[in-house]
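Worksheet: the structure to be examined is printed underneath.
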Amino acid sequence: MSDMVPAPPREMTVVYQVEELAKAEQRLRRDGGRLGLVPTMGALHDGHMSLVRASLARCEATAVSIFVNPAQFAPHEDFRRYPRMLEADCKLLAAAGADLVFAPAADDLYPGDFSTWVEPPAAARLWEGECRPGHFRGVATIVLKLLNLFQPDVAFFGQKDFQQARVIRRMVADLNLPVEIDIQPTVRDADGLALSSRNAYLSPAERENGLALWRTLRRAAEAVDGGARDGRELAAMMVQTMIDGGVTRIDYAAVADPETLEPLETVRRPLVLLVAAWVGSTRLIDNLVME
Ligand code: PAF
């Protein structure tokens, strides 16, 4: 009979300081079971929420970190204007059923005497690594700190940041971290635009031009299916498709090995198609994996 009584909704705890976190986690782990961690920079959209849902489905408790990590932004990048909406994020997370939100201040995670950094793996060298020097050092360092702070059983990341997911998986393997990394598929709007907190910067016209990224990836995939074999020619075709689609500046278009992220001279599967381009002052990235 008691099986039929729905479990009462759990209260979500919001923690702002590293020193409060251990206690909150102990409470979560009291019943045993798996702890899932969803690291985010906030301004949550359905891509993030799909990670939360995956964690809720796989783990008995779900924690979400919300921290716009200054260490992964170069001084000229959008750290200052990155959208911050903690209250709205917490409402979404509470409604979804998350158990714990960790939203620390920067100087709590990076106090004045902080001086230890993670040297990211080889997968960080090209593409985002070249366009955003220091970015993956900042990502790897904060992700390692969060994994240490939470010691989750599973940590969830989106495939939308394909290279980031590779870098994190490699770091976890290389450093023997006792955590499973679960990569969830990219969530797209109906027209194909990959969800990103940065989409909030786009005017309607820019958003239209932003669709060129997904169109380019699909055209390139069709070309692969149609027998395209030259990796450089395919990448050049991707650049041209993005230019035709109205993007303002292209950082890269790549046909790469999905493990090493090295460019493929001869197209063969599995592969990943990667693009990064600007529409106005907004930088967008996207990818498509062909198994
Ligand atoms: O993907 C992100 O939102 C961030 O890079 C991450 C993994 C939360 C680290 O700051």
Side-chain angles (χ1 to χ4, degrees), residues 15 18 21 36-52 54-55 62-74 77-86 88-90 92-93 98 100-110 114 117-118 120-121 123-124 127-129 131-150 152 154-172 175 177 179-187 194-201 261 274 276 282-287:
V15 162
V18 168
L21 193 57
L37 172 65
V38 182
T40 80
M41 298 206 299
L44 302 181
H45 50 66
D46 202 48
H48 298 112
M49 297 314 288
S50 74
L51 306 181
V52 172
S55 175
T62 292
V64 179
S65 63
I66 297 183
F67 178 61
V68 186
N69 174 32
Q72 68 189 75
F73 291 80
E77 291 182 343
D78 59 343
F79 173 70
R80 277 178 188 284
R81 82 162 172 152
Y82 198 87
R84 288 161 173 87
M85 41 187 73
L86 184 60
D89 287 347
C90 286
L92 269 181
L93 292 170
L100 174 63
V101 172
F102 177 49
D107 58 3
D108 202 11
L109 286 180
Y110 299 111
F114 182 89
W117 298 95
V118 176
W127 321 122
E128 290 301 286
C131 297
R132 304 184 66 189
H135 171 67
F136 284 126
R137 177 190 194 242
V139 170
T141 302
I142 194 65
V143 170
L144 180 59
K145 281 169 72 73
L146 292 169
L147 294 176
N148 282 335
L149 283 168
F150 283 89
V154 192
F156 296 82
F157 297 88
Q159 167 115 327
K160 152 87 176 15
D161 294 296
F162 184 88
Q163 190 173 10
Q164 168 175 283
R166 273 280 148 262
V167 166
I168 291 169
R169 264 198 201 288
R170 196 65 250 170
M171 174 182 77
V172 163
L175 300 183
L177 302 179
V179 61
E180 182 192 337
I181 301 300
D182 183 325
I183 308 298
Q184 290 288 316
T186 303
V187 179
L195 297 193
S196 159
S197 304
R198 290 189 169 97
N199 292 356
Y201 303 151
L261 289 168
L274 301 161
T282 304
R283 186 173 187 274
L284 299 175
I285 62 172
D286 203 349
N287 66 81

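These numbers were taken from a predicted model, which means no experiment stands behind them. For ligands, and for the atoms within them, numbers begin at 1 and follow the listed sequence.
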Establish, yes or no, whether the cationic atom of R84 lies under 6.0 Å from the six-membered ring centre of F67 and within 45° of the ring axis. no
For D78, check side-chain hydrogen bond (donor to acceptor under 3.5 Å, both in side chains) against everything at least two apart and list the hits. R198, Y201
Less than 4.0 Å from some atom of ligand 1, heavy atoms are found in residues P39, T40, M41, N69, Q72, I142, F157, D161, Q164
Close side-chain approach of R137 and V118, heavy atoms under 4.5 Å: no
Checking M41 against S65 for the side-chain contact (heavy atoms from CB on, under 4.5 Å) test, could you report, in this order, the C-alpha distance in whole Å, the side-chain angles of both residues, the deciding distance, and whether it holds? CA-CA 8 Å; M41 298 206 299; S65 63; over 6 Å; no
What residues form a salt bridge (Lys or Arg N to Asp or Glu O under 4.0 Å) with R283, not counting sequence neighbours? E128, D251
Mind checking ring-ring contact (aromatic ring centres under 6.0 Å, His included) for F102 and listing every partner two or more places apart, or none if nothing turns up? F150
